[in-house]
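Single-structure report; data block below.
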Amino acid sequence: MFHGEIHSVATDPAWHRRAYGLAVVTATMQWLASQDCSSARRNASPERLPLYAQLGFRPIPVPAMTWTCR
């Protein structure tokens, strides 16, 4: 078993509100499950939190840090 990460799901604004992003995330979740993935993490914008909660994601307290090369 392994842990999955779903990153960088975006839809061109001209194609918003047609569920293409939802289809990509759902297909990715199904593929991860078929590969015996134990869990997956998805960072989401605040306005998308209800959508991901409906898909079964739950908030977790994860400290995040970033470093930028100069």
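Because only heavy atoms are used, hydrogens play no part in the values below, and waters and symmetry mates are left out as well, while side chains stay in.
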Exercise answer: donor-acceptor pairs, residues 9-24 side-chain atoms, under 3.5 Å, sequence neighbours excluded:
residue, atom, partner, partner atom, Å
D12, OD1, A14, N, 2.8
H16, NE2, T11, O, 2.9
R18, NH1, A14, O, 3.0

Study note, to complete from the structure: So ring pair (Phe, Tyr, Trp, His ring centres under 6.0 Å) across residues 32-59, not counting sequence neighbours, yields Y52-F57
Can you give the donor-acceptor pairs under 3.5 Å from side chains of residues 34-41 to other protein atoms, not counting sequence neighbours?
residue, atom, partner, partner atom, Å
S34, OG, W31, O, 2.7
S38, OG, F2, O, 3.1
S39, OG, H3, ND1, 2.7

Check your understanding: Closest approach of I6 and R42, non-hydrogen atoms and distance?
Key -> O-CD, 3.4 Å
